[in-house]
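First the structure, in the form of structure tokens, and then the observations on it.
Computed from a predicted model, the values in this text were never measured in an experiment. No hydrogens, no waters, no symmetry mates; every other heavy atom, side chains included, goes into these values.
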Amino acid sequence: DLLRDIEEIVGWIQVGLKDEESAVSYFALVALKYLVSNDELDFDLVMRVLEKRLGIDLDDMSNVLENLGNDLVLEGFIMLLAEAGLEEADDDDEEAEDGTYVSAQSVKAVDLLVNLALSSSSSLDVRVQMSILKSLAAFNSQLLGLDAETIRSWNVAAAADDESTAAKL
């Protein structure tokens, strides 16, 4: 609430993103996370700028891991990715049934987090792995691309596996 002009600090944050000290880059990413979560900055715009400034491609997990450098910076980046969410649809937007839609940058963020979680890379720090799982757990089913029918099919498959396991015993 004390910030009156966000443009005054964005320059400082952008300089911090490329700092040699990983702690400075981490705090720059965390600052962006809080600015996005408080609706001071737009998530999609922040992600597009980060792709250019950091030279990362959100569609390529190995590129992200390589360009972010270390686990501390990666953890800050994951915290920022957790801010992906549903966007308010325009009145003339026919795609959104309930007035919200999932933006392209949000889809990229969720896909990257899912790929990081599934990679089970032992090179990732436990703290980073926990951040990934915490971020994914906070997303709603629409953002994760799940619908009721998919979830029901998982339930049926899990029940069938439980019955076959019980029959073997």
Would a distance-only check, ignoring hydrogens and angles, find a side-chain to backbone donor-acceptor pair under 3.5 Å from [X] to [Y]?
| X | Y | value |
| --- | --- | --- |
| S25 | G16 | yes |
| K18 | L54 | no |
| S22 | L72 | no |

Tell me, which pairs form a salt bridge (Lys or Arg N to Asp or Glu O under 4.0 Å) where one or both residues lie in residues 67-77, sequence neighbours left out? E75-R127
Would [X] end up clustered with [Y] when hydrophobic side chains under 4.5 Å apart are linked, directly or stepwise?
| X | Y | value |
| --- | --- | --- |
| Y26 | L65 | no |
| L112 | L133 | no |
| L136 | F43 | yes |
| W12 | Y34 | no |
| L32 | V73 | yes |

According to side chain to side chain donor-acceptor pair (under 3.5 Å), who are the partners of K33, at least two apart in sequence or on a separate chain?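 With neighbours one apart ignored, the set is E83.
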Looking at every heavy atom in both L81 and F139, which two are closest together, and how far apart are they?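 Here L81 and F139 meet closest at O-CZ, 3.7 Å.
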Who are the side chain to side chain contact (heavy atoms under 4.5 Å, CB included) partners of L45, not counting sequence neighbours? D42, R48, V49
